[in-house]
S.K.: 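Pasting a structure below so you can have a look.
All chains are named by letter (A, B, ...) in the order of the sequence lines, taking the proteins before the strands, and each is independently numbered beginning at 1.
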Amino acid sequence: METSWPSSSKTTTIIGRLSNCYCSAWPTLQSVMTTQQNKDRTSTLAELLKDKPKRGRPPHPVSRQNVYVALTPEEKKEMKRLAVSLPANLSRADLPDLAIAVIAARLEALRRAVADRNREIPEGVTDLESLYLLWDLTIPKNQTERKWTSIRVSPQEAIELGRAHGTLNAAFGANRSETFSLALILLAQFLEDHPVPETATLGEIRKTIMSNYL
Amino acid sequence: MSANPQFGFEIEHYKPEWDRLGVVVPPFTIEADPRFMYLSTETRRALSKVSYMVEAGQGASVIVGEIGTGKTTLASWFHSRYHRRPDFVAAKIDETPKKSGLLLLRRIAAEFGLRTRRATEDQLNEFRAFLIEKTSEGILPLIIIDEAHELGPEQFVELRRLLNFRDPRGGKAYQLVLLGRPELDINLREVPDFNDRVATRSSLDPLTPDDTRSLIEYRLLAAGRDGKQPMLFTEDAIMPIWRETRGYPRSICLLCLHLCLELLINNGDVIDGDFVAKFLEDHHDYRQAV
């Protein structure tokens with residue numbers, strides 16, 4: 001019986017496909033095996049970090065994104081100081097979210113107050129410093145050098161920071177770092193005026209901020 | 001015409017060559033000109049707080065300050081800024097009529113272009129109708145009263161009645177800005193009904209030496225002097241000026257005006273500490289010179 005072989009061109013294609021399949025599968029198989037072996041092995045670093053919280057991360061699961069701002073050493077110190085006054089279940093990493101919640105609420109309150117006028121910012125608030133004066137804040141001295149750093153903010157707060165930055169940039173040409181600096185000072189003022197309970201969560205503090213200013 | 005013994009020339013005929021100082025207009029006039037208003041920290045605080053209260057429709061705001069701290073300039077600033085806005089109509093009263101509440105209401109009415117009436121109730125009805133008409137168009141009436149320390153108790157009563165008016169549809173009432181000397185605060189304590197309606201109080205304090213320097217630089221720039229030119233007033237000239245004027249803006253402007261005139265007469269280029277000291281020694285009564 002005569003065996004009918006596929007034409008030479010078809011044969012080449014099938015062999016080629018098979019070889020491709022083997023070649024591409026081989027490293028995957030290898031990596032699966034290696035991962036399995038790695039899993040069985042205990043990492044020294046993992047052992048060391050087992051009972052310690054990861055640095056810069058809150059203990060609760062959040063999906064946050066990096067935002068880059070330039071801060072002065074004084075502002076970094078202030079963040080450290082504020083972190084101490086936070087409830088036990090919140091950490092320094094939660095400060096940017098809270099600061100942005102405060103500035104968003106304050107700007108929204110300002111917007112609502114002049115809602116039936118044709119401006120978002122009152123006529124006499126002529127620059128960013130006037131805003132500090134309006135809200136009874138100490139005007140920071142900008143003599144120290146600012147260094148770029150990343151803050152991690154929740155998605156909603158990232159939008160709020162963008163909105164606040166947009167408003168202040170349109171009105172006074174303020175940049176994102178200046179907006180965040182103002183937010184930090186506003187947060188310090190808020191925490192001073194309204195001490196938060198030791199058991200308060202991030203959501204509860206956000207609610208308090210909203211109910212205070214809006 | 002005789003020459004002034006202080007300066008040795010006829011002041012009435014003297015035309016200073018301001019362009020020699022690199023300026024287009026006299027930089028140190030003592031008139032309340034909002035174009036030359038230097039915003040010190042205290043002024044900015046007052047501006048931001050009062051304008052917030054005005055735009056948020058909070059009612060009455062009070063600004064107090066000693067003579068020459070810039071109250072009238074601030075009043076002119078508020079009037080010029082708000083009067084040109086389409087959502088405000090502003091009336092500025094520079095000098096209040098003595099004691100009578102009705103006269104005050106009539107003065108305000110005249111500033112708004114309203115009919116003046118002989119009876120207080122009729123005048124108040126005019127104001128009520130004006131408020132309703134304006135708020136229906138989205139326009140907020142603003143009343144600015146300078147020298148408000150001269151207001152009497154009866155006048156405060158009428159102002160309180162004005163503040164009580166509301167648009168029937170829930171709109172905002174008249175907005176009021178009072179500017180006066182520190183006695184205003186004392187007078188307000190005697191009218192608690194009105195005092196309760198004051199939304200914000202600001203005070204204009206004398207300038208610090210740093211602010212004094214900034215005021216002088218700002219005035220020169222506003223008068224057209226190129227910022228790249230060397231300083232007309234050197235660093236060591238600032239403290240003697242501040243000490244002599246105690247930081248009161250009007251006094252600073254008056255002294256700087258005389259220093260500039262002296263410089264032009266002497267064909268000098270720069271006003272330094274020695275120049276100021278010599279001027280004050282020679283012309284200690286310069287305030288009475290012109």
S.K.: Contact part of A:Ser130 toward chain B, heavy-atom cut-off under 4.5 Å: side chain, backbone, both or neither?
M.R.: both
S.K.: Ring of B:Phe127, cation from B:Arg161 - is the NZ or CZ under 6.0 Å from the centre and inside 45° of the axis?
M.R.: no
S.K.: So which of A:Asp136, A:Leu110, A:Ile139 has the largest heavy-atom pair count under 4.5 angstrom toward chain B?
M.R.: A:Asp136
S.K.: Would you kindly say whether B:Thr245 and B:Arg250 are connected by a side-chain donor-acceptor distance under 3.5 Å?
M.R.: no
S.K.: Which one of A:Gln65, A:Arg152, A:Arg64, A:Arg206 satisfies the side-chain hydrogen bond (donor to acceptor under 3.5 Å, both in side chains) criterion with A:Glu157?
M.R.: A:Arg206
S.K.: In plain terms, say whether B:Arg85 and B:Glu55 are close enough for a salt bridge, that is, a side-chain N and a carboxylate O under 4.0 Å apart.
M.R.: yes
S.K.: Is B:Tyr82 close to chain A through its backbone or its side chain, or both, or neither, when contacts mean heavy atoms under 4.5 Å?
M.R.: side chain
S.K.: Answer with side chain, backbone, both or neither: which region of B:Thr41 has an atom nearer than 4.5 Å to a non-hydrogen atom of chain A?
M.R.: both
